[in-house]
Chemist: 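So that we are looking at the same thing, I have put the structure below in structure tokens.
Note: hydrogens, waters and symmetry copies are ignored here, and every other heavy atom, side chains too, is used. Chain identifiers are assigned alphabetically (A, B, ...) following the order of the sequence lines, protein sequences preceding nucleic acid strands; residue numbering begins at 1 within each chain.
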Amino acid sequence: MTTAPLTSLQAAIAAEAAAVAGTTGVHVELGPPARPEHGDLATPVAMTLARAAKRNPREIAEALAERLRARPDTAAALEAVEVAGPGFLNLRLAPAWVTDAVRTVAAAGPGFGRGGVARPERILLEFVSTNPTGPIHIGHARGAAYGDSVGRILSFVGHAVTREYYINDHGAQMELFAASVAARYAELVGAEPHMPEGGYPGEYVIGIARALREELGDAYDGRVSPPDAGTLELFGRRGGELMLDVIRGTLERFRVSYDEFFSERTLHQTGRVEAGVRRLVDSGDAYEADGAVWFRTTAYGDEKDRVLVRSGGGTTYLAADVAYHLDKAARMGDRMIDVLGADHHGYIGRLRAVLAAGGFDPDTLEVLIMQLVGLTESGEAKRMSKRAGTIVLLDDLIDDIGVDAARFFLVERSHDTAFELDLDLAREQSQENPVYYVQYAHARCCSILAKAAAEGVTRDPAAGPPQVLDPSERALALRLAEWPRTVADAAERRAPHRVVAYLKDLSRDLHAFYHRCRVVGEAREVQAFRMELTVATRDVVRCGLDLVGVTAPDRM
RNA sequence: GCGCGCGUAGCUCAGUGGAUAGAGCGUUGGCCUCCGGAGCCAAAGGUCGCAGGUUCGAAUCCUGCCGCGCGUGCCA
């Protein structure tokens, strides 16, 4: 990892601030001031220190300013250091510092900001994990775009991430699915269909039935009306596999990748669900009552105990999740992250109880809850029902607006905010979509560099810094310097929308720079600096877009 | 009832203790002899749900209330 330009400046200020206050380990907030006329950077560190030091913040700020002016490296980096307001320190960067910073960014290329995390972790990231009873729809799509982006960002800053999909290929929903496939199969072979109550009416079930018929030939034609147990078992298992293939195809198309697909069915088959329940019973964390086996989750802060084995004999979803999460805990490394839909948030306490009962630190489980995506069409909320087959599929959304726009849209807002996606707007706006704004910034950089190449202009590392900088150059350079902190912040908060917001800001800075400054054909120092600025911007935009799974075309 | 999340510009949303709260879309008015106008510049638009509290400083933290969403299954 390249040392980020702002990091060393920040460290120098922290050292001097500590000296002034007579303490150690001072954290320095260093960022753009609220108003541009206050300079390039500002820090409230003097005010932060004032309380503990019991001194006037302005007095501390003045002393700190003195030291920064006297210290050689900060004196060279800073053109002006001023105390303002209640004790802010406003900094103005010297052109040479700005030039060096941009050179550093450009030299690092698309890897600028990589590996910035202080303590790398091994993280098991689970997301989407829908049961294979139907295709991926808009509700899953947000979790897919979000989870994949978080994975990319965590990896980028230096964590070792394993991405996992938990296949819910067992249970009542799968049985309904198997029966639904059998009913469609019966239709295909001209037999009486037995569609179960609450079965899956979607068209795709016909496709699964057709594929099965092709695999099986006519061997099952007489066993589907009504289906026998063996038929249902096969149709559920094989139908689920075929459905999962469809899901994987959609995810791949959506540029979402996994390291592992973990089947719930195998947990049951290998007896690990039973073993998990037994383990809880043995440790006293589960007990029998009313003919059922209960998990004593109240011992871990839940409001009531939860059933693991029904009085009728079957295990619950939670029982499988006990086995699954104990398995994950054993192999996760340092941490596991579950990305779950909003309708599962009541589940968090139970999952933490699983870990605690298993002897693991429940804080190693992090549950990220996706709020819902609502759809509006023609100004009205679109009613969607999986069972009625009126759901909007991810494949359809991609056909409408493309992968780039869909992914950009879905991670543009914080994951804990419910938002409405207006389908009409999403369709009509495909030309006005913010994704084009950012992609255009990248294409524009490429265009400038193509022009430079055509004119025989190359990068010029030996050129000195320009005498003066245009405000748009300063703004763009500073924005680039902030990238490592932005991406580190996005990783820490699991917040890809911060990357998106940054890219929009960066693009705005680039476009403004473009309109005020020419690159090719300027005086040597100016042209050299602007070439670096253009290269650095191109690479950071490309990198940021890649972190949210969006392409960066050279031409549009 | 209880638990979690959310109330910020007309709309969609950023902003988890710092200065006069921001962006996009929409509205209004300017800018193409140019490395791409899928762009730029400017204007208008706010009791940050309400009321207290914590402190040098609160959209941000605490308490209460109001409103919206989700959850509160021997469903998954």
Chemist: Describe the nucleic acid contact of A/Ala292 in one word from base, sugar-phosphate, nothing, applying a heavy-atom distance below 4.0 Å.
Modeler: base
Chemist: Determine the contact category for A/Tyr347: base if any of its heavy atoms lies under 4.0 Å from a base atom, sugar-phosphate if only primed atoms, P, OP1 or OP2 are that close, otherwise nothing.
Modeler: base
Chemist: Under 4.0 Å between a side-chain N or O of A/Arg498 and OP1 or OP2 of B/G15?
Modeler: yes
Chemist: Quick one: label A/Ala42 by what it contacts on the DNA or RNA (base, sugar-phosphate, nothing), any heavy atom closer than 4.0 Å.
Modeler: base
Chemist: Between B/U72, B/C75, B/C13, which nucleotide has the shortest distance from any of its atoms to the side chain of A/Gln173?
Modeler: B/C75
Chemist: Given B/C75, is OP1 or OP2 found less than 4.0 Å from the side-chain N or O atoms of A/Arg310?
Modeler: yes
Chemist: Kindly say whether, by distance alone, the side chain of A/Ser311 makes a donor-acceptor pair under 3.5 Å with the base of B/C74?
Modeler: yes
Chemist: Report, as yes or no, whether the 6.0 Å neighbourhood of atom CD on A/Glu492 holds more than 12 heavy atoms from other residues, nucleotides or ligands.
Modeler: no
Chemist: Evaluate the side-chain proximity of A/Val438 to A/Tyr502: yes if any heavy-atom separation is below 4.5 Å, no if none is.
Modeler: no
Chemist: With no angle test and no hydrogens, is the base of B/A76 tied to the side chain of A/Asp343 by a donor-acceptor pair under 3.5 Å?
Modeler: no
Chemist: Is a side-chain donor-acceptor pair under 3.5 Å present for A/Gln439 with A/Asp404?
Modeler: yes
Chemist: Without decimals, in angstroms, what is the distance between A/Tyr287 OH and B/C74 P?
Modeler: 11 Å
Chemist: When you check the side-chain N and O atoms of A/Tyr324 and A/Glu164, is any donor under 3.5 Å from an acceptor?
Modeler: yes
Chemist: Can you tell me the distance, in whole Å, between the CG atom of A/Asn433 and the C1' atom of B/C25?
Modeler: 11 Å
Chemist: Hey, is the side chain of A/Tyr514 poking within less than 4.0 Å of OP1 or OP2 on B/G37, counting only N and O atoms?
Modeler: yes
Chemist: Considering every strand and a 4.0 Å limit on heavy-atom distances, what is the contact class for A/His345: base, sugar-phosphate, or nothing?
Modeler: base
Chemist: Base, sugar-phosphate, or nothing: which does A/Asp290 touch, judged by heavy atoms less than 4.0 Å apart?
Modeler: base
Chemist: For A/His497, answer base if it contacts any base atom (sugar-phosphate contacts may also be present), sugar-phosphate if it contacts only those atoms, and nothing otherwise; contact means non-hydrogen atoms under 4.0 Å.
Modeler: sugar-phosphate
Chemist: Over all strands shown, is A/Thr534 touching base, sugar-phosphate only, or nothing at heavy-atom distances under 4.0 angstrom?
Modeler: nothing
Chemist: For A/Ala289 and for A/Ala418, find the nucleotide of RNA chain B with the closest heavy atom, then tell me which residue's nucleotide is more 5'.
Modeler: A/Ala418
Chemist: Are side-chain N/O atoms of A/Asp285 and A/Tyr300 paired as donor and acceptor at under 3.5 Å?
Modeler: yes
Chemist: Identify whether any heavy atom of A/Arg518 sits under 4.0 Å from a base atom; if not, whether one sits that close to sugar-phosphate; answer base, sugar-phosphate or nothing.
Modeler: base
Chemist: Report which part of the nucleic acid A/His170 touches: base, sugar-phosphate, or nothing (heavy-atom distance under 4.0 Å, all strands).
Modeler: sugar-phosphate
Chemist: With the side chain of A/Asp416 defined as its heavy atoms from C-beta on, choose the nearest nucleotide among B/A19, B/G5, B/G39.
Modeler: B/G5
Chemist: Closest approach of A/Gly39 and A/Pro33, non-hydrogen atoms and distance?
Modeler: O-CG, 3.3 Å
Chemist: Considering every strand and a 4.0 Å limit on heavy-atom distances, what is the contact class for A/Glu303: base, sugar-phosphate, or nothing?
Modeler: sugar-phosphate
Chemist: For A/Asp509, answer base if it contacts any base atom (sugar-phosphate contacts may also be present), sugar-phosphate if it contacts only those atoms, and nothing otherwise; contact means non-hydrogen atoms under 4.0 Å.
Modeler: nothing
Chemist: Would you indicate, yes or no, if B/C74 has its OP1 or OP2 atom less than 4.0 angstrom from a side-chain nitrogen or oxygen of A/Lys304?
Modeler: yes
Chemist: Closer to the 5' end of RNA chain B via nearest nucleotide, is it A/Thr316 or A/Lys451?
Modeler: A/Lys451
